[in-house]
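Structure first, commentary second.
Since the structure is predicted, the reported quantities are computational estimates derived from the model, not experimental observations. Along the sequence shown, residues carry numbers from 1.
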Amino acid sequence: MELRPYQREAMDAVLGQWTSGVQKTLLVLPTGCGKTIVFSKITEEMVRQGNRVLILAHRGELLTQAADKLETASGLKCAVEKAEESCLGSWYRVTVGSVQTLMREKRLSQFPPDYFGSIVVDEAHHCLSDSYQRVLAYFDQAKVLGVTATPDRGDMKNLGSYFESLAYEYTLPQAVREGYLSPIKALTIPLQLDLSGVGVSAGDFKAGDLGTALDPYLEGIAAEMEKHCKDRKTVVFLPLVKTSQKFRDILNAHGFRAAEVNGGSEDREQVLADFAEGKYNVLCNSMLLTEGWDCPSVDCVVVLRPTKVRSLYCQMVGRGTRLFPGKEHLLLLDFLWHTERHELCRPAHLICENEEVAQKMTENLEQAGTAVDIEEAEKQASEDVVAQREESLAKQLAEMRTRKKRLVDPLQFEMSIQAEDLSGYVPAFGWEMAPPSEKQLAKLEKLGILPDVIDNAGKASKLLERLETRRLAGLTTPKQIRFLEQKGFQHVGTWEFEKAKHLIDRIAANGWRVPADIVPATYGG
């Protein structure tokens, strides 16, 4: 099987990491970009080098899929380590293994710790769990490759705490631009769903609470879907089996041909096959189809299982990103979830690395009122954020210039009032050396002193004392000093308040120009 250019690069990068001495490395490829093909080719190379390889997964479907793809890509057949089946004594150099089976001490102890030379962890975002870690710690001499569609993890642990490097990452935007995945258009539906009463467990919303919170909105959601995806092949993700079944019935009442599958469905394979062939046009499920299920003809995804976990959100949307003849784009319906928390995953999080850009893109999509290509939306949001930053910076600079015009530099004030004790002040005690307080800085600015260059509490305190003393003595204020010295008058700090006020009044009456009979440099009052 001929690898695509990025798949070849990914394979070379992984093998390069292992050759350089890195034992545990990570490969990130978006859903639909053939990660199973890539690790099958890597497996083939490791077998060629004389290694036994273990492909580790947490669900039976993923093991079957890995075995099938491995045989297709390389011709290699697999032994199985699952339930009653064992690879011990097999001629095959590759084993697909269930982590639930292998994690058991009795099962592990049957293997020498160096039995496998390489281990591939499919859906590696699960690998920090105790079950995976028990298996990986036992075969601690093996080279490890973790493969995932996104490196995020629901419980907020960092995959970097286990893996030593990221060998290769291919992003969703790259895959779309290079024609390997379908473009995505996001449509924000102005139907507000309240999540404020939903609890959180293990870093994400509680499924039970979500089901209850969602129930009152199901009719409204079905009505919106009738407007936008009547002619599409749609997958809907819901939090609970009972909610999924209820929504299937509501959709059928709205004229859809809807089916539902869950972990307990005895006819699951038949329903999935019927959906693929077009007997149904909507498939409702309660998180069953997030991994390992492919139906390239899906061209609409509705996420009614709000989540804070980016990996889970990407897995759901990934069910519709594969290419299919006649499919122009994937339509992603996005509802206005109302929550007190702001970490909710939205279409922007599929593509934006910067949270500020993601927030702006979400805001833009909410205002668009139509389906927008997410790459175009991300580009526009990035430009908007840059423009906002530039506008904000220009405003800040203008405010600073205006502010500085209004305020007196402390050194100018000290020189004007001829206060050598202030201009030569050096803090001596601990409290004096501390930074000035916000209260001190605010008061100095209010009294007309530019506080930016005052870097210790002692100096701020002495300035405030001097300003109060001068006020009681009826001497000029910093604002009078600034104004008159800008006009060329000298040592205004030594003048009396009333003298300065009288002169400023005369200048004001003359259209803010110094009267012709006054020479500022020699003015003595």
Side-chain angles (χ1 to χ4, degrees), residues 1-20 22 25-57 61-79 92-96 117-124 143-150 165-184 276 291-299 314-315 318-330 375:
M1 180 178 285
E2 191 67 30
L3 293 179
R4 296 168 176 173
Y6 70 85
Q7 292 174 331
R8 169 58 62 184
E9 288 172 12
M11 177 179 171
D12 291 345
V14 170
L15 296 175
Q17 288 290 300
W18 282 344
T19 302
S20 72
V22 172
T25 194
L26 196 60
L27 169 62
V28 178
L29 293 177
T31 301
C33 284
K35 60 186 174 64
T36 314
I37 297 296
V38 176
F39 74 64
S40 293
K41 283 295 187 181
I42 292 170
T43 298
E44 183 183 8
E45 178 59 30
M46 299 317 289
V47 169
R48 188 177 288 116
Q49 293 178 20
N51 281 293
R52 282 195 189 92
V53 180
L54 169 64
I55 298 172
L56 201 56
E61 293 99 322
L62 296 175
L63 294 174
T64 305
Q65 186 182 81
D68 292 345
K69 289 276 178 72
L70 179 69
E71 187 172 359
T72 303
S74 65
L76 292 169
K77 291 184 181 292
C78 300
Y92 297 133
R93 304 294 290 176
V94 183
T95 299
V96 290
S118 309
I119 299 176
V120 175
V121 182
D122 195 9
E123 307 294 353
K143 293 183 174 74
V144 180
L145 169 64
V147 189
T148 181
T150 169
S165 71
L166 173 60
Y168 188 83
E169 181 174 14
Y170 189 59
T171 67
L172 178 70
Q174 281 177 288
V176 172
R177 277 195 300 272
E178 293 173 13
Y180 295 115
L181 287 181
S182 167
I184 303 172
E291 296 170 347
W293 173 71
D294 298 337
C295 184
S297 55
V298 169
D299 65 351
C314 290
Q315 292 282 3
R319 296 310 109 200
T321 53
R322 283 176 170 79
L323 300 175
F324 190 76
K327 178 174 166 180
E328 295 180 1
H329 62 266
L330 167 68
E375 276 208 85

message: Could you check whether any side-chain heavy atom of Phe39 comes within less than 4.5 Å of a side-chain heavy atom of Ser118, counting everything from C-beta outward?
response: no
- Spell out, as yes or no, whether a donor-acceptor pair under 3.5 Å connects the side chain of Glu169 to the backbone of Leu26. no
*List the steps and the verdict of side chain to side chain contact (heavy atoms under 4.5 Å, CB included) for Met11 and Glu45.*
CA-CA 10 Å; Met11 177 179 171; Glu45 178 59 30; 4.1 Å; yes
_So Pro30 and Thr321, do their side chains get closer than 4.5 Å, heavy atoms only?_
no
The reported gap from CD1 in Ile119 to OG1 in Thr95 (rounded to nearest 0.5 angstrom) is 10.5 Å
Check: So, does Lys69 use its side chain to make a donor-acceptor pair with the main chain of Gly34 at under 3.5 Å?
Finding: no
Value for CD (Gln17) from CG (Asp12), rounded to nearest 0.5 Å, stands at 12.0 Å
When rounded to the nearest 0.5 Å, the distance separating CG of Asp299 from CD1 of Ile184 is 12.5 Å
Nearest heavy-atom approach of Ile55 to Ala66 is CG2-CB, 4.1 Å
All heavy atoms of Val28 vs all of Ala149, minimum pair found to be CG1-O, 3.8 Å
Min side-chain heavy-atom separation Gln174-Tyr6 under 4.5 Å = no
When rounded to the nearest 0.5 Å, the distance separating NZ of Lys41 from OG1 of Thr36 is 14.0 Å
Do the side chains of Thr25 and Trp18 get nearer than 4.5 Å, heavy atoms only?
yes
Tightest non-hydrogen contact, residues Arg319 and Arg322, listed as NH1-NH1, 4.1 Å
Pairwise side-chain contact, Leu3 with Ile37, heavy-atom cut-off 4.5 Å (strictly under)
yes
Distance col, row Gln7:CD vs Leu29:CG, nearest 0.5 angstrom, shows 7.5 Å
Practice problem: Look only at the side chain of Arg93 and the backbone of Gly50, and say whether a donor-acceptor pair between them is shorter than 3.5 Å. | Solution: yes
Taking the side chain as C-beta and beyond, is there a heavy-atom pair between Tyr170 and Val38 under 4.5 Å? no
Please determine whether side chain to side chain contact (heavy atoms under 4.5 Å, CB included) holds for the pair Lys143 and Asn51, giving the CA-CA distance in whole Å, both sets of side-chain angles, and the decisive distance to 0.1 Å.
CA-CA 10 Å; Lys143 293 183 174 74; Asn51 281 293; 5.8 Å; no
Tightest non-hydrogen contact, residues Glu328 and Pro183, listed as O-CD, 3.7 Å
Requested in this report: Taking the side chain as every heavy atom from C-beta outward, state whether Ile42 and Val120 have any atom pair closer than 4.5 Å.
Outcome: no
Heavy-atom nearest pair, Val96 first then Cys78, reads CG1-SG, 4.0 Å
(message) Under a 4.0 Å threshold between the charged nitrogen and the carboxylate oxygen, would Arg48 count as salt-bridged to Glu44?
(response) yes
Salt bridge Glu123-Lys35, side-chain N to carboxylate O under 4.0 Å
yes
What one should report as the nearest heavy-atom pair of Met46 and Val53 is CB-CG2, 3.8 Å
With heavy-atom distances below 4.5 Å as the criterion, would you say the side chains of Trp293 and Val298 are in contact?
yes
CG of Leu181 to CG of Leu323, rounded to nearest 0.5 Å, is 6.5 Å
